[in-house]
Amino acid sequence: MATNFIPYGRQTIDQDDIDAVVSALTSSHLTQGPKVTAFEQAIANKVKAAHAVAVNSATSALHLACLALGVTQDDWVWTSPNTFIASANCARYCGANVDFVDIDPDTYNLCPKQLANKLAQAKQQNRLPKVVIPVHFAGQSCDMKAIHELSQEYGFYIIEDASHAIGGRYQDSYIGDCRYSDICVFSFHPVKIITTGEGGMATTQSARHAKHMRTHAQQGTSKDAEDLITQPGDWYYEQHTLGFNYRMTELQAALGLSQLNKLDDFIAKRHTAFAYYLETLKKLPITLPAQATDSNSALHLFPILIPKEHKKARKAIFDALRSAGIGTQVHYIPVHTQPYYQDLGFDWGDFPIAEDYYQRTMSLPLFYEITRSEQERVVSILTQALQEHGVLS
Ligand SMILES: *Cc1c(COP(=O)(O)O)cnc(C)c1O
């Protein structure tokens with residue numbers, strides 16, 4: 001790989017972040033202490049949620065969210081095929097059946113019209129979902145108002161997978177306020193908008209859901225007086241249910257708090273870099289990511305599409321970028337085509353819009369510290385690759 005390799009995404013860690021982690025490391029708590037509580041409160045304040053529960057990954061948060069909403073083996077959970085596998089796996093952890101709703105061809109998000117059609121059919125077959133998990137792909141909110149209206153009509157819960165979308169807005173409020181959902185989940189994996197190394201957070205307006213998730217993140221135990229059958233002393237806790245160890249550490253929370261200070265700046269810079277790509281790439285025969293007017297994306301990704309008639313050239317163009325040191329990546333392999341999901345009965349052809357999108361897409365490097373000259377290099381190498389492979393004459 002070239003030494004001046006430009007990845008598709010990369011974290012930004014400054015001296016404040018380092019100092020924050022070092023100070024947590026020398027404090028009295030290394031895990032589940034005051035920094036975790038402070039980080040939860042800071043996220044809740046930022047997105048205007050009543051409750052926030054910090055855990056060790058977004059995958060854990062999605063699992064806890066499904067459990068809090070009572071998902072069991074008798075239930076169906078629906079999500080988008082154009083997502084990371086975790087959005088579907090969380091339902092499988094509960095033993096539930098998974099199904100998918102194809103995407104909108106412009107936003108690449110779960111399509112509310114397809115959702116409406118599928119719900120009408122599922123109602124006749126008595127197979128309505130208990131939970132729908134819309135994924136805010138690339139940081140742009142799904143059409144939550146429409147999805148929420150359907151949830152009122154058909155009676156399902158909503159978990160927003162906002163792993164890409166912290167700091168993004170929908171209709172002038174931050175994603176995570178759960179105005180149109182029950183629970184919202186963020187990821188702090190290094191490639192996402194802000195990082196804690198590994199980490200995740202669930203926000204909700206429901207005290208009951210928050211409590212359920214918190215209990216299940218710590219082995220199903222509680223020390224709250226209201227939950228205890230007896231109270232022999234201060235050492236005492238009770239386990240009433242089977243939970244997990246999904247705790248976040250103080251080191252992670254300290255890093256998260258420090259990163260959160262920079263969130264708006266991170267996103268503003270992504271918008272500047274995004275605008276540069278839009279402007280310089282608009283003359284090329286590729287599809288650029290469309291931005292909805294009722295939202296302000298966190299801009300996690302910059303996915304481009306090769307024209308349908310040149311879809312076979314995608315691999316060669318991808319390889320050309322990679323060998324020139326441009327760390328392009330494909331987001332996402334449709335979840336239903338994974339061998340695990342094929343074993344559950346899905347196949348190629350089931351969700352044609354997500355599949356067509358997958359065959360034509362690649363994401364260009366987009367992160368806080370990308371420089372103008374790095375972006376120029378991406379544009380010039382992409383242009384050259386499109387020429388060499390007959391997409392641009
Ligand atoms: C990254 C990601 C996850 C999982 O996040 P982790 O924190 O790595 O568990 C879930 N859903 C989507 C859409 C993601 O991109």
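In this text the structure is predicted, and so the values were computed from the model without any measurement. When a ligand or atom number is given, it counts from 1 through the structure's own listing order.
Among D16, T196, D14, T195, the one residue that satisfies the side chain to side chain contact (heavy atoms under 4.5 Å, CB included) test with Q259 is T195.
Both the backbone and the side chain of T59 come within 4.0 Å of ligand 1, counting heavy atoms alone.
The shortest contact between atom 15 (O) of ligand 1 and any protein heavy atom is with H164 NE2, 2.8 Å. The nearest heavy-atom contact from the protein to atom 10 (C) of ligand 1 is S163 OG, 3.3 Å.
Cation-pi geometry between R314 and Y358 is met: under 6.0 angstrom from the ring centre, within 45 degrees of the axis. A cation-pi geometry, defined here as NZ or CZ lying under 6.0 Å from the six-membered ring centre and within 45° of its normal, holds between K118 and W78.
The distance from ligand 1 to the heavy atoms of A58 drops below 4.0 Å at these ligand atoms: 4 (C), 5 (O), 6 (P), 7 (O), 9 (O). Residue V135 approaches ligand 1 through these ligand atoms, each under 4.0 Å from one of its heavy atoms: 13 (C). Close approach to D161 involves these atoms of ligand 1, each under 4.0 Å from a residue heavy atom: 10 (C), 11 (N), 12 (C), 13 (C). Every atom of ligand 1 is numbered from 1 in the order shown, and the set under 4.0 Å from a heavy atom of Y332 is 15 (O). Short contacts between ligand 1 and T83, defined as distances under 4.0 Å to a heavy atom of the residue, involve ligand atoms 13 (C). Contact atoms of ligand 1 toward S57: 7 (O), 9 (O) (distance under 4.0 Å to a heavy atom of the residue). Of all atoms in ligand 1, numbered sequentially from 1 with element shown, those under 4.0 Å from a heavy atom of S87 are 11 (N).
Both Y180 and L110 sit in one connected hydrophobic cluster of ILVMFWY residues. Membership requires side-chain heavy atoms under 4.5 Å apart, directly or through other members. In the hydrophobic clustering of ILVMFWY residues, with side-chain heavy atoms under 4.5 Å counting as a link, I381 and I6 come out together. By the criterion of side-chain heavy atoms lying less than 4.5 angstrom apart, applied directly or through intervening Ile, Leu, Val, Met, Phe, Trp or Tyr residues, I147 is not grouped with I353; the two fall into different hydrophobic clusters.
For the residue pair R179 / Y170, no side-chain donor-acceptor distance below 3.5 Å is found, with atom types taken as modelled.
Proximity of G200 to ligand 1 is not established, as no heavy-atom distance is less than 4.0 Å. Close to ligand 1: G199, with a non-hydrogen atom less than 4.0 angstrom away.
With salt bridges taken as basic N to acidic carboxylate O contacts below 4.0 Å, none links K223 and D234. Salt-bridge annotation for K311 and D356: present, with a side-chain N of the basic residue lying under 4.0 Å from a carboxylate O of the acidic one.
Nearest-residue assignment for atom 14 (C) of ligand 1 (options H189, K192, E198, H331; heavy-atom criterion): K192.
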